[in-house]
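Quick notes on the structure that follows.
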Amino acid sequence: MILVTGATGAVGREVAGQLAEAGPVRILARRPERLMVRGAAVEVVEGEYGDRAALDRALRGVASVFLVTNSPTEPDDERVAAAAAAAGVRHLVKLSMMAVEEPGADDFITRRQRENEQVIRDSGVPWTFVRPRTFMSNTLSWAPGIRSAGVVRALYGDAPVACVDPRDVAAVAVAVLTGTGHQGRAYAVSGPEAITAREQTAQLSRVLGRPLRFEELGVDAARAALLAKYPPSVAEAFLQSAERQRAGAKASVVPTIQELTGRPARPFLSWSAEHAEAFTSE
């Protein structure tokens with residue numbers, strides 16, 4: 001049995017779905033009604049990381065865990081790792097981020113992920129880290145502006161990033177969860193090309209069959225928009241990350257998807273074509 005957490009998110013949902021196609025999978029969900037992965041092969045345990053009894057129920061008889069955490073303050077990795085060690089879990093696969101292996105990345109979110117990775121290492125449970133670059137699906141935040149005005153507004157329109165399809169990240173995670181020889185390894189995962197926000201806008205325009213305009217946000221406007229959604233420490237982390245992207249730190253392409261899944265990474269044009277409806281319907 002494999003336990004999947006974060007199954008309402010972009011990667012966890014895909015991991016659960018891909019595993020369910022091949023056999024039974026268990027999901028720990030704080031809000032089971034939001035799950036899109038269902039069926040006879042799917043077992044759901046309702047609970048959250050702070051509920052040790054729920055964690056123990058979810059981990060009973062589990063061999064491997066796919067772990068996704070996103071709280072900037074809660075010790076969720078520590079909670080899951082401790083419960084997994086007590087349950088005798090043999091493999092813990094954590095969704096991390098590529099920036100943790102980059103010395104120039106020192107923002108709040110990256111530091112937290114480094115700390116969380118160390119917590120996993122210290123737990124004694126055999127581990128693997130899957131470290132993706134920025135998700136292509138992050139561009140879904142542009143949908144309201146595209147629908148209402150045909151405009152994409154973003155910071156640093158000419159900064160390249162080797163963004164990755166969440167389905168490809170999930171495929172790497174599934175290969176690690178179901179394969180052998182991955183314990184103690186960390187896998188950086190990127191898309192097949194470095195692409196800028198202006199180029200993404202042009203590709204979306206082509207896919208949608210309508211003109212789109214790119215408007216570059218200033219730093220102050222970007223900060224105000226982020227502070228409307230996130231705590232200050234998180235907002236500043238995103239801004240620092242954007243500066244690194246402008247400096248070219250996120251442009252490198254790695255072959256992990258091809259190596260672990262046997263097929264090439266999907267480009268942004270393919271992702272956008274398959275998600276065009278999200279940019280046209282409410």
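Residue T128 holds its OG1 atom at 2.5 Å from NE2 of H91, rounded to the nearest 0.5 Å. Atom CG of L92 and atom OG of S123 lie 6.5 Å apart (nearest 0.5 Å). The distance from atom CG of L19 to atom CD1 of I2, rounded to the nearest 0.5 Å, is 4.5 Å. In this structure, W127 CH2 and Q183 CD are separated by 10.0 Å, a value rounded to the nearest 0.5 Å. Remark: R60 CZ to M1 CE distance equals 12.0 Å, nearest 0.5 Å. Annotation: the span from R167 atom CZ to S270 atom OG amounts to 8.5 Å, rounded to 0.5 Å.
Side-chain contact between Y187 and H182 is present, with at least one heavy-atom pair separated by less than 4.5 Å. Residues I109 and M97 are in side-chain contact: their nearest non-hydrogen atoms beyond the backbone lie under 4.5 Å apart. Proximity of T139 to Q200: side-chain heavy atoms (C-beta onward) are separated by under 4.5 Å at one or more points. Side chains of I257 and D165 form no contact here, defined as non-hydrogen atoms less than 4.5 Å apart. With a 4.5 Å cut-off on side-chain heavy atoms, R79 and E48 do not count as touching. N116 is listed as a side-chain neighbour of R112, based on a closest heavy-atom distance under 4.5 Å. In this structure, F129 and I120 have side chains that are in contact, with non-hydrogen atoms separated by less than 4.5 Å. Looking at heavy atoms from C-beta onward, L3 lies out of side-chain contact with V89 at the 4.5 angstrom threshold.
Under the 4.5 Å side-chain heavy-atom criterion for grouping Ile, Leu, Val, Met, Phe, Trp and Tyr, F268 is connected to V152 within one hydrophobic cluster. In this structure, V15 is a member of the same hydrophobic cluster as I27, with clusters built from ILVMFWY side-chain heavy atoms closer than 4.5 Å. One hydrophobic cluster, built from ILVMFWY side chains closer than 4.5 Å, cannot hold both L140 and V161; they sit in different ones. Under the 4.5 Å side-chain heavy-atom criterion for Ile, Leu, Val, Met, Phe, Trp and Tyr, F238 and L155 are members of the same hydrophobic cluster. No path of Ile, Leu, Val, Met, Phe, Trp and Tyr side chains, each step under 4.5 Å between heavy atoms, connects V169 with V65, placing them in separate hydrophobic clusters.
For the residue pair S241/D107, the side-chain donor-acceptor check at 3.5 Å is not satisfied.
Side chain of Q203 to backbone of L269: a donor-acceptor contact under 3.5 angstrom is found. Judged purely by atom type and a 3.5 angstrom limit, D168 uses its side chain to pair as donor or acceptor with the backbone of R266. Side chain of R114 to main chain of V100: a donor-acceptor pair is present (N/O by atom type, distance under 3.5 Å, no hydrogens or angles). Side chain of S190 to backbone of V254: a donor-acceptor contact under 3.5 angstrom is found. Distance alone, capped at 3.5 Å, places no donor-acceptor pair between the Q258 side chain and the P255 backbone. With R210 contributing its side chain and I146 its backbone, the two residues share a donor-acceptor pair below 3.5 Å. Side chain of T256 to backbone of A188: a donor-acceptor contact under 3.5 angstrom is found. Judged purely by atom type and a 3.5 angstrom limit, Q245 has no side-chain atom pairing as donor or acceptor with the backbone of K250. When atom types are taken as modelled, the side chain of R213 and the backbone of T201 share no donor-acceptor pair closer than 3.5 angstrom.
When E117, R131, E101 are each tested for a side-chain hydrogen bond (donor to acceptor under 3.5 Å, both in side chains) with S96, only one passes: E117. Partner of Y49 under the side-chain hydrogen bond (donor to acceptor under 3.5 Å, both in side chains) criterion, out of T69, T5, D76: T5 alone.
With a 6.0 Å radius and a threshold of 12 heavy atoms from other residues, nucleotides or ligands, R111 has its CZ atom above the threshold. Sparse packing is recorded around CZ of R30, with 12 or fewer heavy atoms of other residues, nucleotides or ligands lying under 6.0 Å away. More than 12 heavy-atom neighbours from other residues, nucleotides or ligands sit within 6.0 angstrom of CD on E199. Within a 6.0 Å sphere centred on CZ of R90, heavy atoms belonging to other residues, nucleotides or ligands number 12 at most.
Here the closest heavy-atom approach between residue S272 and residue V207 is recorded as OG-CG2, 3.5 Å. Of all heavy-atom pairs between F279 and R147, the closest is O-CG, 3.0 Å. What you find for A54 and V45 is that their closest heavy atoms are O-CG1, 3.9 Å. Across all non-hydrogen atoms, the minimal contact from F214 to A197 is CE1-CB, 3.7 Å. Nearest heavy atoms, A20 versus V37: CB-CG1, 4.4 Å. Minimum heavy-atom separation, A16 to A7: CB-CB, 4.4 Å.
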Using the salt bridge (Lys or Arg N to Asp or Glu O under 4.0 Å) rule, take E215 and R153 through it: C-alpha gap first, then chi angles, then the decisive distance, then the call. CA-CA 5 Å; E215 291 183 2; R153 297 180 178 90; 3.2 Å; yes
Do T8 and R31 pass the side-chain contact (heavy atoms from CB on, under 4.5 Å) test, and can you show the C-alpha distance, the side-chain angles, and the key distance before you say yes or no? CA-CA 9 Å; T8 58; R31 296 178 59 184; over 6 Å; no
Check against side-chain contact (heavy atoms from CB on, under 4.5 Å), S64 and V93: CA-CA 8 Å; S64 302; V93 178; 5.9 Å; no
For the pair E102 and R244, evaluate side-chain contact (heavy atoms from CB on, under 4.5 Å) and give the outcome as yes or no after the intermediate values. CA-CA 10 Å; E102 298 168 350; R244 292 182 57 251; 2.3 Å; yes
Might you work through the side-chain contact (heavy atoms from CB on, under 4.5 Å) test for V11 and F66, ending with a clear yes or no? CA-CA 10 Å; V11 175; F66 180 65; 3.9 Å; yes
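Taking a cutoff of 4.0 Å between a charged side-chain nitrogen and a carboxylate oxygen, R57 and E43 do not qualify as a salt bridge. Between D56 and R52 there is a salt bridge, with a side-chain nitrogen of the basic residue lying less than 4.0 Å from a carboxylate oxygen of the acidic one.
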